[in-house]
Amino acid sequence: MVDLPQKNQPLIAAAALLGTGILLKTWKPTPLDLPSPKKKRPHLDRGVSRKVRKARDGFAKFALPSNMLNSLGTSLITVGGGLALLRLVDEVVDDNERLF
């Protein structure tokens, strides 16, 4: 017999992590702002190097925060999403091989 509250605990924890992460990403108190990056200068790269730099800069906008709570929020969203994904994939696995 399956105990539903215990079975859904990882999903409840994932939802709590996601909710907390979203809350922290939207609330950005100014005392926790990080310094602005250096002034931008014109880029002289071309071709593949330019594409790699643009991809790096795009990822940096997501990974490098402008506010400390934003960074913590991003981490909580990532962990919560991973936990939910793990639980949902675990549901597909054979009963003898489940982790949760």
Side-chain angles (χ1 to χ4, degrees):
M1 185 170 179
V2 177
D3 185 17
L4 287 179
Q6 188 175 15
K7 182 178 178 181
N8 291 328
Q9 282 179 346
L11 289 177
I12 293 169
L17 289 169
L18 284 169
T20 305
I22 291 170
L23 179 69
L24 291 178
K25 280 188 75 72
T26 56
W27 179 55
K28 298 176 185 175
T30 54
L32 297 176
D33 284 345
L34 297 175
S36 300
K38 295 179 183 177
K39 291 184 179 180
K40 296 194 179 205
R41 56 184 170 79
H43 300 287
L44 304 175
D45 53 356
R46 295 183 187 181
V48 174
S49 177
R50 180 181 176 97
K51 290 180 182 180
V52 169
R53 180 185 51 80
K54 285 190 170 217
R56 179 205 60 195
D57 292 347
F59 180 73
K61 286 180 184 176
F62 173 76
L64 299 176
S66 60
N67 188 289
M68 289 303 292
L69 285 183
N70 194 4
S71 174
L72 183 59
T74 301
S75 299
L76 290 176
I77 289 172
T78 304
V79 169
L83 180 59
L85 182 64
L86 175 67
R87 178 61 188 100
L88 294 174
V89 169
D90 204 29
E91 191 64 32
V92 178
V93 177
D94 185 29
D95 286 342
N96 295 333
E97 297 296 324
R98 286 189 178 173
L99 296 175
F100 300 105

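Just so you know, residue 1 is the first one in the sequence shown, and it goes up from there. For clarity, every value in this text was computed on a predicted model and none was experimentally measured.
The shortest non-hydrogen separation linking Leu17 to Gly80 is CB-CA, 3.8 Å.
Partners of Asp45 under the side-chain contact (heavy atoms from CB on, under 4.5 Å) rule, at least two apart in sequence or in another chain, are His43, Ser49, Arg50, Arg53.
Side-chain atoms of Leu76 and Leu18, non-hydrogen and from C-beta on, never get closer than 4.5 Å to each other.
Note that CG of Leu24 is 9.5 Å distant from OG1 of Thr74, once rounded to the nearest 0.5 Å. Distance check, rounded to the nearest 0.5 Å: CG of Leu83 to OG1 of Thr78 gives 12.5 Å. In this structure, Arg87 CZ and Ile12 CD1 are separated by 11.0 Å, a value rounded to the nearest 0.5 Å. Atom-to-atom distance recorded for Arg46:CZ and Lys51:NZ is 14.5 Å, nearest 0.5 angstrom.
Note on Leu72: it clusters hydrophobically with Trp27, by side-chain heavy-atom contacts below 4.5 Å among ILVMFWY residues.
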